[in-house]
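Keep in mind the model is a prediction, meaning the values are calculated, not measured. Position 1 is the first residue of the sequence, and the numbers go up from there.
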Amino acid sequence: MTNHKKTEKQEKVQHTVCMDCSSYSTYCYRCDDFVVNDTKLGLVQKVREHLQNLENSAFTSDRHRKRKLLENSSLNSKLLKVNGSTTALCATGLRNLGNTCFMNAILQSLSNIQQFCCYFKELPAVELRNGKTAGRRTYHTRSQGDNNVSLVEEFRKTLCALWQGSQTAFSPESLFYVVWKIMPNFRGYQQQDAHEFMRYLLDHLHLELQGGFNGVSRSVILQENATLSASNKCCINGASTVVTAIFGGILQNEVNCLICGTESRKFDPFLDLSLDIPSQFRNKRTKNQENGPMCTLRDCLRSFTDLEELDETELYMCHKCKKKQKSTKKFWIQKLPKVLCLHLKRFHWTAYLRNKVDTYVEFPLRGLDMKCYLLEPENSGPESCLYDLAAVVVHHGSGVGSGHYTAYAAHEGRWFHFNDSTVTLTDEETVVKAKAYILFYVERQAKSGSDKL
């Protein structure tokens, strides 16, 4: 193809457009060849580039639009209608790492006990190393040795990740790794007992806080916790920490010899109370079942504190008789904790396996009155014995080694249902119908017109 300039005497030409490349050319009869028109070819090329740019721009715009729609969809999924107005749902779920619902339910419950949760959130976020690396930030990761793992640090980071609203679910794998390191009973991915896990967790948090944390000495921690510190009698395994200051109470155990009448008294600290479901209620499975009276939390508390005659396998060693004798036992609560944790004994051993007591136990959302169970009720204030429900752990299924755990918890006046990574808003009517396994009651601070239990 020839490319030349136009002459003054232009020969007759035939205009042609290439169907493949869309280039514009003419046929020159004088040259007997096609001639490319530089001007028109450049114009076509510019048009093609412009169309390509428009196409790219439209693709980019569409991609941004889709991304924005996804972001808005994620945001809208965390908005709830409350009293006619739209409110952000800040709750964050916890991913199930393989039968870790027992851990998730306890963590969500503890995260909604404000006094306890806020203490850990305000702890130093980093550890100060010694020597050449002093002052550098150090986070506990899987690559570090066993001596560097910190349950308090991972627990703190998990609590900080909840209720931020920045993500729908948080993976507590770092915390679970530390649990594996320091609690061998919970290694593996089999189902575990949520109450047993809670006790191990609180005990190890207590022990680690006693020894100092994140480069802060024990005296500094105890000084920060001065407003929460309980008396020395309430301490468990040494000095008081936020664990014993909030969950710690004191029981008085009275044992009387039925032969000589000798009375023995012993004070025992506790972090939770394990209550039997009375045998007469164990066949009642649902709230709406009409055969027989309804089992209430008061029935379980009364069964725990009532006078009991010990059987032949629990004979009391009387120091006056100098031999084991029949005796009676009774519990009194000498000191109530700030957070009263009540564990309903739903699992019991038979000859070959551990069965579940699936009885519904009625419990109050507010106004649980513990005054009648105190050793010296006259020394307690009018409001110090009233408790309001903060969280409930529920076991779904037939056995302790199977089934599923979820939790209900109150946050800023609203109730939420925590089912691993899924968090939904619920109501009080749904909460009171739950077959509770663990109940967390918080001491009431201000006067209220709520009815007592």
Side-chain angles (χ1 to χ4, degrees), residues 185 193 195-196 198-200 202-203 206 230-238 244 247-284 292-293 295-337 340-357 359 361 369-380 385 400 437-439:
N185 291 352
D193 184 5
H195 174 251
E196 185 180 359
M198 183 197 72
R199 286 305 312 268
Y200 271 88
L202 293 179
D203 288 344
H206 171 67
S231 62
N232 291 332
K233 289 183 180 179
C234 190
C235 299
I236 300 174
N237 298 328
T244 54
F247 290 95
I250 303 175
L251 281 176
Q252 177 178 289
N253 183 1
E254 292 183 359
V255 180
N256 288 281
C257 177
L258 292 177
I259 306 301
C260 67
T262 301
E263 184 181 271
S264 173
R265 295 181 181 180
K266 181 182 178 183
F267 294 96
D268 297 315
F270 68 89
L271 295 179
D272 69 303
L273 298 178
S274 292
L275 311 178
D276 282 307
I277 298 176
S279 57
Q280 65 267 30
F281 299 109
R282 292 190 179 182
N283 293 327
K284 188 174 179 61
C295 181
T296 66
L297 188 58
R298 176 183 290 179
D299 294 320
C300 299
L301 286 167
R302 187 184 298 116
S303 176
F304 178 77
T305 56
D306 278 351
L307 188 67
E308 174 189 3
E309 183 174 343
L310 301 179
D311 57 28
E312 296 292 336
T313 61
E314 299 177 301
L315 292 178
Y316 164 66
M317 182 63 190
C318 179
H319 297 287
K320 186 175 182 179
C321 299
K322 299 189 183 302
K323 64 178 181 179
K324 291 185 177 181
Q325 301 282 23
K326 287 187 176 181
S327 59
T328 60
K329 180 180 70 173
K330 180 175 175 59
F331 284 118
W332 293 97
I333 300 178
Q334 191 203 40
K335 178 185 178 299
L336 285 166
L340 179 63
C341 180
L342 301 176
H343 161 236
L344 299 179
K345 294 182 180 179
R346 291 198 174 273
F347 303 103
H348 68 280
W349 287 102
T350 60
Y352 300 102
L353 51 101
R354 199 177 187 186
N355 290 333
K356 180 181 178 182
V357 180
T359 303
V361 178
D369 191 358
M370 296 293 294
K371 191 170 187 177
C372 60
Y373 310 108
L374 284 176
L375 179 64
E376 299 175 343
E378 64 277 4
N379 295 332
S380 60
C385 300
V400 66
Y437 181 48
I438 305 173
L439 297 156

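- Residues satisfying the salt bridge (Lys or Arg N to Asp or Glu O under 4.0 Å) test with Asp299, not counting sequence neighbours, are Arg302.
- Residues passing the side-chain hydrogen bond (donor to acceptor under 3.5 Å, both in side chains) test with Ser303: none are found, sequence neighbours excluded.
- Partners of Tyr316 according to the ring pair (Phe, Tyr, Trp, His ring centres under 6.0 Å) rule, which considers only residues two or more places apart in sequence or in another chain, do not exist here.
- Take Ser279 and apply the side-chain hydrogen bond (donor to acceptor under 3.5 Å, both in side chains) test, not counting sequence neighbours, and it matches no residue.
- Of all heavy-atom pairs between Arg298 and Tyr373, the closest is CG-OH, 3.5 Å.
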Validation: residues 254-266 side-chain donor-acceptor distances under 3.5 Å, sequence neighbours left out:
from   : atom 1 : to     : atom 2 : distance (Å)
Glu254 : OE2    : Gln252 : NE2    : 2.6
Glu263 : OE2    : Arg265 : NE     : 2.8
Glu263 : OE2    : Arg265 : NH2    : 3.1

Please assess Leu251 against Phe304 for the test side chain to side chain contact (heavy atoms under 4.5 Å, CB included), listing each intermediate value before the final yes or no. CA-CA 11 Å; Leu251 281 176; Phe304 178 77; 3.9 Å; yes
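- In this view, Glu196 and Asn185, Phe186, Asp193, Tyr200 satisfy the side chain to side chain contact (heavy atoms under 4.5 Å, CB included) rule, not counting sequence neighbours.
- For Lys326, the salt bridge (Lys or Arg N to Asp or Glu O under 4.0 Å) partners two or more places apart in sequence, or in a different chain, are Glu312.
- The main-chain N or O of Thr305 is found under 3.5 Å from a side-chain atom of Lys330 such that the two form a donor-acceptor pair.
- For Asp276, the salt bridge (Lys or Arg N to Asp or Glu O under 4.0 Å) criterion is met by Lys345, not counting sequence neighbours.
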Tell me, with the steps shown, if Leu271 and Asp203 meet side chain to side chain contact (heavy atoms under 4.5 Å, CB included). CA-CA 9 Å; Leu271 295 179; Asp203 288 344; 3.6 Å; yes
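- With sequence neighbours excluded, no residue satisfies salt bridge (Lys or Arg N to Asp or Glu O under 4.0 Å) with Lys323.
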